[in-house]
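Starting from 1, each residue takes its place in the sequence as its number.
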Amino acid sequence: MPSEPVVRPMTLADVDGVHAIEEATFAMPWSRESFEREVTENKCARYLVAEKNGEIIAFAGTWLVIDEAHITNIAVREDMRGNGYGEKITRALMQAAANEGCLWMDLEVRRSNLRAQSLYRKVGFIDVGYRKRYYEDNQEDALLMVCEHLPQPEEDEAAL
């Protein structure tokens, strides 16, 4: 029987796997060096990975600023999509932000990315506006979404 993925904090050793998913998923992927800096230098950054059978299958990141968590990116390896892993890592990221004292989260998503929007709505995000011509590659608008109802902090969980 296949194992369930384990969600855990991202380490420097995970950067290659995360970057491979990033490059395969996004039109304007972050560089490998950007992920290295997020893990080693950015004190506001928190990243999770989902690992299954020793392989990174998904990742999610956020920047924490006072009581807000801004989601930077969430991606699931293409061959693993449709299995609930996107929801699993998104909910884990929301819990981690709540454990760090955040009260709400926000994100931008391409207006055309209906699959991601559906996931975000499922976990409690609402539409609050648009950022016109937000994406540089094609000038597509971004939908701005917010979740004001994060889970209750879990005191026994270690902060990321």
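- In this view, Ala98 and Gln95, Leu150, Pro151 satisfy the side chain to side chain contact (heavy atoms under 4.5 Å, CB included) rule, not counting sequence neighbours.
- Residues forming a ring-ring contact (aromatic ring centres under 6.0 Å, His included) with Tyr120 (at least two apart in sequence, or on another chain): Phe125.
- In this structure, Lys122 and Thr90 have side chains that are not in contact, with every pair of non-hydrogen atoms separated by 4.5 Å or more.
- A side-chain donor-acceptor contact under 3.5 Å links Asn138 and Arg110.
- Every salt bridge (charged side-chain N to carboxylate O under 4.0 Å, His left out) that Asp141 has, sequence neighbours left out, goes to Arg111, Lys132.
- With sequence neighbours left out, the side chain to side chain donor-acceptor pair (under 3.5 Å) criterion links Asp16 to Arg32.
- Residues passing the salt bridge (charged side-chain N to carboxylate O under 4.0 Å, His left out) test with Glu22: none are found, sequence neighbours excluded.
- Among residues two or more places apart in sequence or in another chain, the salt bridge (charged side-chain N to carboxylate O under 4.0 Å, His left out) test is passed with Arg133 by none.
- The other residues sharing a hydrophobic cluster with Tyr135 are Tyr134, where clustering joins ILVMFWY side chains under 4.5 Å apart.
- With sequence neighbours excluded, the residues satisfying side chain to side chain contact (heavy atoms under 4.5 Å, CB included) with Ser31 are Glu33, Ser34.
- Residues meeting the side chain to side chain donor-acceptor pair (under 3.5 Å) test with His19, sequence neighbours left out: none.
- Phe59 has its side chain out of reach of Ile74: every pair of non-hydrogen atoms, C-beta onward, lies at least 4.5 Å apart.
- Looking at residues two or more places apart in sequence or on another chain, you find a side chain to side chain donor-acceptor pair (under 3.5 Å) between Asp14 and Arg8, Thr11.
- Here the side chain of Glu100 pairs no donor or acceptor atom with the backbone of Leu64 at under 3.5 angstrom.
- With hydrogens and angles ignored, the 3.5 Å screen pairs a side-chain donor or acceptor of Gln139 with a backbone N or O of Glu136.
- The structure places CD1 of Ile71 at 10.0 Å from CE of Met145, a figure rounded to the nearest 0.5 Å.
- In terms of heavy-atom proximity, Pro153 sits nearest to Asn99 at CA-OD1, 3.4 Å.
- Listed by chain and number, the residues in a side chain to side chain donor-acceptor pair (under 3.5 Å) with Arg121 are Gln117, Asp127 (sequence neighbours excluded).
- Annotation: salt bridge (charged side-chain N to carboxylate O under 4.0 Å, His left out) contacts of Glu55 (sequence neighbours excluded): Arg77.
- At distances below 3.5 Å, at least one donor-acceptor pair connects side-chain atoms of Arg81 with backbone N or O atoms of Val76.
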